[in-house]
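Inspection log for the structure reproduced underneath, given as structure tokens.
First the proteins, then the strands, lettered A, B, ... as listed; each starts at 1.
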Number of protein chains: 2
Amino acid sequence: MLFTPQLDDSSRIPHYVQIYEQMKRQMIAGTLSEHTKLPSVRKLADLLGLSTTPVETAYQQLIAEGFIASKPKSGYYVQPLAEQQVDRGGERERKSTVARLQHRDTSSYPYVFYLSRNDFSQFPFALWRRLFNRVLRHEYQELLFYGDPQGEYGLRRELARYLHQLRGVSCSPGQIVIGADQYGLLSLLALLLKARVARVGVENPGYPLIASIFRQNGYEVVPVSLEEDGLNVNELADSGVQLVAVSPSHQYPRGMIMPIAKRLRLLEWAKKTDAYLIEDDYDGEFRYHGRPVPSLQGLAEGTNVIHMGGFSQVLAPAFCVYYMALPESLLASYDLLLRELLLEQSASPLHQKTLELLMREGHFEKHVRRMRNVYRKKHDTLVQAVRKHMGERAVLIGEDAGFHVLLKVEHHLEEKGAFADGKKGRNQCRLGCLYLDAASPGRGCKRISPGLCRD
Amino acid sequence: MLFTPQLDDSSRIPHYVQIYEQMKRQMIAGTLSEHTKLPSVRKLADLLGLSTTPVETAYQQLIAEGFIASKPKSGYYVQPLAEQQVDRGGERERKSTVARLQHRDTSSYPYVFYLSRNDFSQFPFALWRRLFNRVLRHEYQELLFYGDPQGEYGLRRELARYLHQLRGVSCSPGQIVIGADQYGLLSLLALLLKARVARVGVENPGYPLIASIFRQNGYEVVPVSLEEDGLNVNELADSGVQLVAVSPSHQYPRGMIMPIAKRLRLLEWAKKTDAYLIEDDYDGEFRYHGRPVPSLQGLAEGTNVIHMGGFSQVLAPAFCVYYMALPESLLASYDLLLRELLLEQSASPLHQKTLELLMREGHFEKHVRRMRNVYRKKHDTLVQAVRKHMGERAVLIGEDAGFHVLLKVEHHLEEKGAFADGKKGRNQCRLGCLYLDAASPGRGCKRISPGLCRD
């Protein structure tokens, strides 16, 4: 007996879908068994009181999915299936997810000592909307396509100018590479340097992402300890690394600013050993008393400094735009790598274009100045509050720049077991903290950068 | 004799900057030599006719940068510099970039056979602007911060629903991971699977990015050949791989759709050998005659299928939003990896939120239907044009889906050396091509996907 689908004319599901689904279900269930000959298109259409089109379409779909086959001059046949493999409950409910840990669930803390918390109260919402609305238009529909894999030229040009003026970086737009995150840019760098570098030095303590990415990419990673004024250059020279990553503007996490003499020794080491330097300038814009410290990259011509930065602290993380300025010696390899991997740009060209307008029309630098004031006030309030409430029991380290300071808590607090993780008395404290509960240091300290005590 | 800066009162540069810059220049030039004692703050202020504030600020900046040091109860002293390292032309012009190759310079081709060229004429510009303007507001300023590193929950929820309805994918929002590009998601996957997998199978020919990322991450990559209906499963079984990447909805680049019987054999192999499957569903939405083929992932419960897709073809590349649905067996490792690397989300939370609204309010599915019609018409026009102008001299392969077809050109053209790269007669042809110059096949073929002939 021929199988005839039951059509529901009141349903909004098209006839061809109903036919296709019922037949498929029968075949998976085995009630329409393999090698069964199906009715011809015309015959089934007659049976169902339909035109041939929906039946034809359903059959074509079943052919495309391999459920049936058409034998020339013979008809349509059900194909053999390894049916035990089919999920008979094809429409089963999606399972609830396994219990997942919440990332950054900070709702239960009265003061969140998040390490790099932006203040968005001064963000130029209306201006950004206006600029974005200028960018996303039918006339500029090309912007919806894949952008330049290196980053939009217009933004790279503005960045080269800005970095020169505000950070003392000396590079052309052609040296700038844009990406959506530090992970992507550092991975690219790890690929670029593979032929030249085997051992990588990192600050100890330092930003953990850099070490882990190079380690994943097969490099040997050598921690180099810090002195009061930054990286221990003697230890670096002895380590035999060919690349070192530093954060001279505001060391992460210790917060010191590397003095010029040490910068020059570092550059001298790099020149002498033909080594590469990664300058992580993650919050170089925010120095609160005095001008931002100029970059390592601009200090000496022709050294292999890779200057890295981004817009997450200076503007907002949500635009996902980061950049690096490659030394000219790496540009040819970079071009080759782009071609070999056929990489696409990961930072949205729409955000890049909006950012370009923001910079070109002078709004961006105004915003940086405004935010430096906002953060300076918060920074100063924090510093005063710590001094007032904790007095000599705590020492602030690495103040005067960026989004975090280090709080060294005195010995007698440690002895009382004030620290949740039992480690020695260092902890990171978010800028913007207005109050530290000096009366119950245990609780106060637990609130400080929960889960981020790495030092 | 004491060095006294020359101030320009008509300049817009603040006094403290002028003091700082002149002193710094003198120190770098060596005219203010090391160990020189500087005038006290009060003395220099008097000499310059200023309050002490600008002098104090300039000195603090010079201290921060390590040019000078303050000795308690003594005064300020110029520090030793490795001066030969200093770039004396600190203000030098940024160099012009080296001549760079242009990526995707397609302006010189009358017809651009780009492999995945979107048509943006139907893009809902006004609607997207309206939704974006709803998202980027002071009230929602939290959206400017780092988003959920796994991707915004709202978008993941909409995606789980959409993938279930349109692609037959069975997953919860908790299984979906969002990222800005395929490179990032595949890199993450390569890290996730490292403990379980050593050998990876890839389609040959196939999407080159998958092979190169796994190779970079230290995997052995095994090419597995294709049959007329997709991957050779016998060869796969013999290869000893524990992971294979396939594009069953529309093989890249050959274009075939994997029939159900082969899908089930593939799933059976994965289950039997406890292997993983990557299902690359890059253009699964666009099947032109009949319904989209349901995903491999939804066919069998509990197998280790990683379903990957993105919005670049179905909407626009410029939003940089891609996703993968992980099998539940990988979720615990994924959580660990997130915590270990402290990874941030690379796809803009603002675009993610806008996309969520687009999907939740039903606009997205309407757009997909509209675009399927647009591309179907182009596809049909192309197919007809090839048949009309090339007749039996060319065979179309992998038609009826996606953004590309394969054009197999007959033997006599090859013999004439019609192909720029001298390879055998396969080439990829962009959907939307309306005309192939049959009279001068050499030129015609050179125009076909320049630089992308990989088969």
Side-chain angles (χ1 to χ4, degrees), chain A residues 57 60-61 64-67 79 81-82 85 87 94-95 97-98 100-101 103 120 125 129 133 136-138 141 143-146 149 160 164 170 172 174 180-181 183-184 212 257 259-261 264-265 267-268 290-291 293 299-301 316-320 331 335 341 343-344 346 348-350, chain B residues 57 60-61 64-67 79 81-82 85 87 94-95 97-98 100-101 103 120 125 129 133 136-138 141 143-146 149 170 172 174 180-181 183-184 212 257 259-261 264-265 267-268 289-291 293 299-301 316-320 331 335 341 343-344 346 348-351:
Chain A
T57 312
Q60 288 306 322
Q61 179 69 23
E65 291 183 39
F67 281 100
Q79 292 298 100
L81 301 180
Q85 289 294 322
D87 174 13
R94 276 165 283 138
K95 280 199 210 166
T97 180
V98 293
R100 304 291 300 285
L101 293 161
H103 303 283
F120 294 123
F125 289 95
R129 286 199 300 269
N133 290 347
L136 189 77
R137 307 202 78 83
H138 196 270
Q141 55 176 276
L143 274 177
L144 287 176
F145 199 48
Y146 296 99
H164 184 62
S170 177
S172 69
D181 58 358
Y183 177 82
S212 64
I257 297 166
I260 184 75
L264 294 175
R265 281 180 61 209
L267 287 167
E268 195 182 338
R291 297 210 312 164
V293 179
L299 264 187
E301 200 170 343
F319 300 108
C320 297
L331 292 182
D335 273 347
L341 293 182
L343 287 182
E344 299 297 352
S346 55
S348 167
L350 300 165
Chain B
T57 313
Q60 288 306 322
Q61 178 70 23
E65 290 182 42
F67 280 100
Q79 292 297 99
L81 302 180
Q85 289 295 322
D87 175 13
R94 276 165 281 139
K95 280 198 210 165
T97 180
V98 294
R100 305 290 302 284
L101 291 161
H103 302 283
F120 294 122
F125 289 94
R129 286 199 301 269
N133 290 346
L136 189 77
R137 307 202 78 83
H138 197 269
Q141 55 176 278
L143 273 178
L144 286 177
F145 199 49
Y146 296 99
S170 178
S172 71
D181 59 357
Y183 177 81
S212 65
I257 296 165
I260 185 75
L264 294 175
R265 281 180 61 209
L267 288 167
E268 197 182 336
H289 300 282
R291 297 209 313 162
V293 179
L299 264 187
E301 200 171 343
F319 299 108
C320 299
L331 292 182
D335 272 347
L341 293 182
L343 287 182
E344 298 298 352
S346 54
S348 168
L350 300 165
H351 288 336

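For chain A, the nearby parts of B:L144 are the backbone and the side chain; heavy atoms of each come within less than 4.5 Å. In this structure, chain B has a heavy atom under 4.5 Å from the backbone of A:Q60, while its side chain stays farther away. Heavy atoms closer than 4.5 Å to chain B are found in both the backbone and the side chain of A:F67.
For the set A:P317, A:A180, A:G184, the count of heavy-atom pairs under 4.5 angstrom toward chain B peaks at A:P317. Comparing B:S212, B:S346, B:A316 by heavy-atom pairs within less than 4.5 Å of chain A, the highest count is held by B:S346.
When all heavy atoms of A:F145 and B:F120 are compared, the pair lying nearest together is N-CE1, 3.6 Å. Considering all non-hydrogen atoms of both residues, B:L136 and A:R129 come closest at O-NH1, 2.8 Å. Here the closest non-hydrogen pair linking A:L143 and B:A318 is O-CB, 3.1 Å. Nearest heavy-atom pair, A:F125 versus B:Q141, reported as atom, atom and distance to 0.1 Å: CZ-CB, 3.6 Å.
Side-chain atoms of B:S348 never come within 3.5 Å of backbone atoms of A:F319 as a donor-acceptor pair (strictly under, hydrogens ignored).
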